[in-house]
Amino acid sequence: MPTWPEKRSVLGRRVRRADGPLKVTGAAKYTSDVQPAGCLYGMILRSKWPAARVTEIDLSEAARSPGIKAAILVRDGERRVRYYGEELAAVAGTTKQACLDALRKIAVRAQRLPFVVKETDGIKPDAPRVWEEAPNLSKPQVTERGQVEQAFAEADVVVEGTYSTQIEIHHCLESHGNAAVWNGDELTVWSSTQGVFSVREGLAGNLGVDQSKVRVISEFMGGGFGSKFGPGVEGAIVARLAKEANAPVKLMLSRFEESLAVGNRPSSIQKVRLGATRAGKLVAYELDSYGTAGVGSGAATEGGGGGAEFPAPYIYAIPNTRVQHRGVALNAGAARAFRAPGHPQASFGIESILDELAVKLGLDPVELRLLNDPSEIRQREYRLGRDRFGWREKYRSPGSSPGPVKVGVGCAGATWGGGGGGTRAQAQINPDGSVEIRCGTQDLGTGTRTVMAMVAAEVFGLPPEAIRARLGDTAYPPSGGSGGSTTAASVSPAVYDACEKALTELKQRTGLEDVRGENWKPACRKLGLEPLVVSGQWQKGLSSSGVGGVQFAEVEVDIETGLVRVRKITCVQDCGLIVSRLTCESQVNGGIIMGIGYALYEDRVMDAGTGVVLNPNLETYKLPGIADIPEIDVVLVDMPERGVIGIGEPVTIPTASAIANAVANALGVRISSLPITPDKVLAALGQVKEVTA
Amino acid sequence: MNRFRYANATSTESARELVGANGVYLAGGNDLLGLLKESIAEPGILVNLRSVPGLDQIEPGDAKWGLGAGVTVAQIEDHPGLRQAFPGLHEAAAEIASRQIRNVATLGGNLAQHSRCWYYRHRDIYCLKKGGDTCHARDGENKFHSIFSGNPCISPMVSSLAVILTALDATVVVQREGETVTLTMTDLYQRAWDNPTLHHSLDRSDIILRVEIPTRWSRSTYLQVAEKAAFDWATVSCAAAVRVADGRIQEARVVLGSVAPVPYQVAAANRLLQGQTWSDALGGSVAERLLRDATPFAHNGHKVPIARALMQRALRHVS
């Protein structure tokens, strides 16, 4: 089995992002920047009804509208629509205004149907059905271990609570979208995607053309977070529009559309019961949870986006457990994978009730976790983080800090996989000594280019900036989608393998023993006219999976206004061999900031009366801004012997739980639903009078 | 967004002619652009007021300051003399949106902005404010809505500058039907108290020319609570201004924003402060009076304690 070099001169260093200058100067071309000659704009007509039977869509007037080159139906014939924003038709035109004007001219005949958009309404037996064939609430999935009732009966203490998490929208900085160009029967698509190969597969299948005739390019992209693996309805639409118009078409979704139809994190409403011994050893756990993945939930998930279940009791080993999950279908956009799917919800429920138990037993929350967390890695991290954060000095009994601005601390842990596989890469060494590395992966903005360049630089003894890393193109050797925090652990070994083999071949072809560093250029010159092109692939031994992380939060809460401010987050995270320290830390910062958004700000608001998303913009769907970001202290527990492990997802998991626990510690009462906004804080403090309607 | 014409006005008179029956004025455009993009406003013509000379002056004075309607929020924020004379005005300006927006947002535009109610701002919802027959917020998602209203619409007035300018007893000089009229801040919003379709008392062709602020105040302040630390609308805002002499409050104004269709003040609450020295107990009485008629809905009851806290803090600060 191959191994990483013992002595590393490039790996683990702080190296500037390979594409930093391109990005800050605007030279980097994202899909939204791509403008093929003669390119038309595409735009989608969406349902204005949360539920309706659509009997007729008349495109004739739109098709004749000035500047319009194509007008298509998303689906022929009579159809049901099941959420506000579902795609109905699309046009391509010479300007955005031409498209807007044309969309208004599409006549839709539809019969409104009853709808339901709130979880608590959707579970009622008489609620309108989202899918005709089955009730909204799915049959429960139950898993049981041990003797649950007996264990609860014998437990010294039992705590109970209901914890809920909201729908979170991905809101990638670059919206979903594609530009499509047909050349005869061959299609080239620029796509803002997490998987150039999965988009190719999806498009080829959808259009009924060979995969060999579809090329997908994603040179730069502005975030996906799990919502950009396939071409989506909008991807299939843009290819059809381009065919129909016989011209290139670009279709980028608007921020409004991003809020409706391209994924979200399912909600959860978790009823939890936890039993323990007087010493704090967990003995019994029961969960009854339901949540919604929008139209993707429920028993009749016709190609829906997955359920609302999550791992429980998450990272803790409890001998007696009963776990029940249900999904409730609603007339709302379907969920998609979202950075650590299921884990933040799982973390919030269990970590909240653990702190309730700690309070009841008078135990330090860190001690309670050390007593019950089976992971050796997290045990180490809790001890390390506790000192670094100053936990012992900062932790007080709940609600005991003086004055109107209460201070509190909390902690939480997380787990993730993050292994690699299924990737090929190619190294090309040119006679002038320049190096190109090609891999059909994509860079979500996390630094994959930098990672590729650093691995090659390590092998060849060159500076990373001497390496040209090329990615985001199905013309390159295949790699998987960038999801599950697998990219670095997939790509790094493949690049390493290709470069090691290239190095061997360079030595053979030149007859030189030492070709690295200073000898590089003279050796390459001996290649003559023919560059060296060598393929490699992911190899066992260079990556592994399974990481643990813990986070500590310090917050202040103004009990007169209900405002929560995060003062500090300390993150201690295992990530195996660190390839690129700067981009790694950047990933941690990003994950924590996303966790702060989940904890305090983000919430998709559905309106029960009209069935629409009420906050389809970044004005009222609130993301943390710079002023909301606290001091973030990142401690990377370097374990090079484990090889490369991804870090994108684990770092966002425990943040909201740690913040919620810190708020409860500050106040002495718990806000058990996310996000923790001033109205909820003041209500929990008994400051808000109940309003009887 | 609909198709529209665009014209640069060269004088306020020409602006009024150009705007006609279906035009709108354009200043910073922050509010208008959103309305256009969501097809809530569908004007036939945009009449640019930034091309009208003389609307962007800041004029200091002994008895009052004059601020042209075209003065940007950033200019108000940055002006050292204004900051010294009216600290609350500086504080309010500095809390508005982001620096990029403040760089183009104008005083007149801030005062004349439309409701931010998410039902009103939604392209596919027809509500009372748009001429429909239902206020969806009353039984819907009303977390950010009014706790006082004189009409069935419960979308609040959210201009931060209106709140502090009301506390400072400013007046607004408006060109109306070829005349120049002076409105109090109360006048500027009064029609929105009763009429659900209005955001302020201005007619379509009215143009705000300038705002005049009396200098008689000893101190002023502006505070707000928003969910985010920056670039967010206030859940509740509060401005206070006092004139102090001989250690006693001679005159005081305390005004709340984001709680009513107008900058909300109660004369009787202001009078409670007159001739008094500050105490928390006095603040409590003022709060009781100011919030007496609050009628919160299912999701905005938190505005009452927040208003009380802000009011106490603001008055404590200036007294």
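Chain identifiers are assigned alphabetically (A, B, ...) following the order of the sequence lines, protein sequences preceding nucleic acid strands; residue numbering begins at 1 within each chain.
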Taking the six-membered ring where the residue is Trp, are the ring centres of [X] and [Y] under 6.0 Å apart?
X      : Y      : value
B/H122 : A/Y84  : yes
B/H136 : B/Y120 : no
A/Y621 : A/H171 : yes

4.5 Å side-chain heavy-atom contact, [X] and [Y]:
X      : Y      : result
B/P152 : B/L128 : yes
B/R99  : B/E77  : yes
A/L113 : A/W49  : no

May I have the step-by-step check of side-chain hydrogen bond (donor to acceptor under 3.5 Å, both in side chains) for A/S175 and A/E257, ending in yes or no?
-> CA-CA 9 Å; A/S175 66; A/E257 293 173 294; over 6 Å; no
Atom pair CG/OG of B/L111 and B/S159 - distance to nearest 0.5 Å = 5.0 Å
Check the surroundings of atom CG in B/D133: do more than 12 heavy atoms from other residues, nucleotides or ligands lie under 6.0 Å from it?
-> no
Using a heavy-atom distance cut-off of less than 4.5 Å, which residues of residues 308-319 of chain B contact chain A?
-> B/A309, B/R313
Flag for B/E227-B/T235: side-chain donor and acceptor within less than 3.5 Å = no
Do A/S65 and A/K105 have side-chain atoms, one donor and one acceptor, less than 3.5 Å apart?
-> yes
Winner by heavy-atom pair count (cut-off under 4.5 Å) against chain B, out of [options]:
options                        : value
A/T561, A/T677, A/L614         : A/L614
A/T620, A/I626, A/D558         : A/D558
A/K689, A/Q97, A/Q687          : A/Q97
A/L100, A/V613, A/N617, A/T610 : A/T610
A/L682, A/D628, A/L623, A/V681 : A/D628

Taking side chain as everything from C-beta outward and backbone as N, CA, C, O, which of these in [X] sits under 4.5 Å from a heavy atom of chain A? Side chain, backbone, both or neither.
X      : answer
B/N300 : neither
B/A230 : both
B/F144 : side chain
B/R123 : side chain
B/K143 : side chain
B/A226 : backbone

Answer with side chain, backbone, both or neither: which region of A/L563 has an atom nearer than 4.5 Å to a non-hydrogen atom of chain B?
-> side chain
Pair count under 4.5 Å, heavy atoms only, with chain A: among B/E38, B/R138, B/R116, B/K303, highest is B/R116
Considering only heavy atoms and a distance below 4.5 Å, find which of B/A229, B/S98, B/G34 pairs most often with chain A.
-> B/A229
Do B/K228 and A/E619 sit within salt-bridge range, that is, some charged N less than 4.0 Å from a carboxylate O?
-> no
